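One structure is given here, and the rest of the page talks about it.
Heads up: numbering here begins at 1 and tracks the sequence. Model, not experiment: these values are computed from the prediction.
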Amino acid sequence: MNNDAKLIVQRANNLFKRLPRTQYHLQCTDDIYDKQYNFFFITIPKGKRTHSDPLHSITIHDLGYLEEVIKDIQSQLQLTIEYTGFTGQVWPESQREIQKKRRWDE
């Protein structure tokens with residue numbers, strides 16, 4: 001596992017409290033202006049506001065590298081990863097579409 005994935009997994013584990021009636025997931029965004037990928041830990045308690053904690057920014061703006069990091073993260077964490085800003089892009093190795101549909105706020 002590379003250093004970026006280790007850091008993201010470590011920080012996500014520290015934030016994952018396993019509270020009842022609370023949803024958790026990761027969000028990966030493509031920051032086209034700064035040429036980096038940003039990771040956030042999203043907490044959604046039932047009946048309360050959504051909370052977002054920044055985890056890490058990957059400055060290597062390469063989809064092949066990001067695909068490796070995502071595989072490492074998914075092997076360690078059983079959390080859903082939501083992608084934002086990847087409309088029309090595909091993973092280099094698997095050739096699968098990254099973001100299925102465009103979000104209304106993009």
Side-chain angles (χ1 to χ4, degrees):
M1 185 160 55
N2 68 33
N3 291 334
D4 287 320
K6 274 185 195 174
L7 190 60
I8 292 168
V9 168
Q10 178 186 9
R11 290 178 179 174
N13 280 331
N14 290 341
L15 293 170
F16 188 50
K17 303 294 184 202
R18 292 177 172 80
L19 297 174
R21 298 186 297 161
T22 303
Q23 295 178 4
Y24 300 96
H25 69 270
L26 297 178
Q27 182 178 32
C28 177
T29 62
D30 184 7
D31 184 354
I32 59 172
Y33 301 108
D34 292 331
K35 300 288 187 211
Q36 64 184 14
Y37 301 110
N38 300 314
F39 284 84
F40 299 93
F41 187 82
I42 310 296
T43 307
I44 309 169
K46 185 173 183 177
K48 296 185 181 174
R49 293 183 180 174
T50 301
H51 184 74
S52 173
D53 290 296
L55 293 176
H56 186 58
S57 294
I58 298 176
T59 56
I60 301 170
H61 199 255
D62 175 47
L63 282 177
Y65 180 74
L66 180 64
E67 188 173 18
E68 286 180 33
V69 171
I70 294 293
K71 284 180 184 177
D72 289 343
I73 291 170
Q74 288 177 330
S75 71
Q76 298 294 314
L77 297 175
Q78 308 308 313
L79 294 174
T80 302
I81 301 176
E82 175 185 308
Y83 299 97
T84 305
F86 291 91
T87 306
Q89 297 182 40
V90 295
W91 292 116
E93 188 176 317
S94 66
Q95 291 299 307
R96 290 181 30 218
E97 191 176 14
I98 299 172
Q99 184 179 345
K100 301 294 182 208
K101 59 183 177 180
R102 187 180 181 128
R103 292 174 40 129
W104 63 270
D105 57 351
E106 285 186 46

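For N14, the side-chain contact (heavy atoms from CB on, under 4.5 Å) partners two or more places apart in sequence, or in a different chain, are Q10. Under the side-chain hydrogen bond (donor to acceptor under 3.5 Å, both in side chains) criterion, T22 pairs with no residue, sequence neighbours left out.
Of the inter-residue distances, the one linking I8 atom CD1 with N13 atom CG reads 12.0 Å to the nearest 0.5 angstrom. Here OH of Y83 is found 12.5 Å from CD of E97. Values are rounded to the nearest 0.5 Å. Residue F86 holds its CZ atom at 6.5 Å from CG of L63, rounded to the nearest 0.5 Å. To the nearest 0.5 Å, atom CD1 of residue I44 and atom CZ of residue R49 are 14.5 Å apart. The CH2 atom of W91 sits 4.0 Å away from the CG atom of L66 when rounded to the nearest 0.5 Å. Atoms OG and CG, from S57 and D31 in turn, are 8.0 Å apart once rounded to the nearest 0.5 Å.
Although no hydrogens or angles enter the test, the distance criterion places no donor-acceptor pair under 3.5 Å between the side chain of Q89 and the main chain of Q99. Between the E93 side chain and the E67 main chain, no donor and acceptor come within less than 3.5 Å of each other. Judged purely by atom type and a 3.5 angstrom limit, Y24 uses its side chain to pair as donor or acceptor with the backbone of L19.
Hydrophobic clustering keeps M1 apart from L7 (ILVMFWY residues linked when any side-chain heavy atoms are closer than 4.5 Å, directly or through intermediates). Taken together through direct or relayed side-chain contacts under 4.5 Å among Ile, Leu, Val, Met, Phe, Trp and Tyr, L77 and Y37 form part of one hydrophobic cluster. With hydrophobic clusters built from ILVMFWY side chains whose heavy atoms lie under 4.5 angstrom apart, V69 shares a cluster with I60. The hydrophobic cluster containing I42 does not contain F16, counting ILVMFWY residues as joined when their side-chain heavy atoms lie under 4.5 angstrom apart, directly or transitively.
For the pair D4 and Y65, the minimum side-chain heavy-atom distance is below 4.5 Å. Between D72 and N2, the closest side-chain pair of non-hydrogen atoms falls below 4.5 Å. F40 places none of its side-chain heavy atoms less than 4.5 Å from the side chain of T84.
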Could you go through the side chain to side chain contact (heavy atoms under 4.5 Å, CB included) check for I70 and F39 one step at a time? CA-CA 11 Å; I70 294 293; F39 284 84; 3.8 Å; yes
Give the C-alpha distance, both sets of side-chain angles, the deciding distance and a yes or no for side chain to side chain contact (heavy atoms under 4.5 Å, CB included) between T43 and L15. CA-CA 9 Å; T43 307; L15 293 170; 6.0 Å; no
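A side-chain N or O of D30 and one of H61 form a donor-acceptor pair less than 3.5 Å apart.
In terms of heavy-atom proximity, G64 sits nearest to P92 at N-CG, 3.6 Å. Here the shortest heavy-atom pairing between I32 and K35 reads O-NZ, 3.5 Å. When all heavy atoms of Q74 and Q78 are compared, the closest pair comes out as O-NE2, 4.0 Å.
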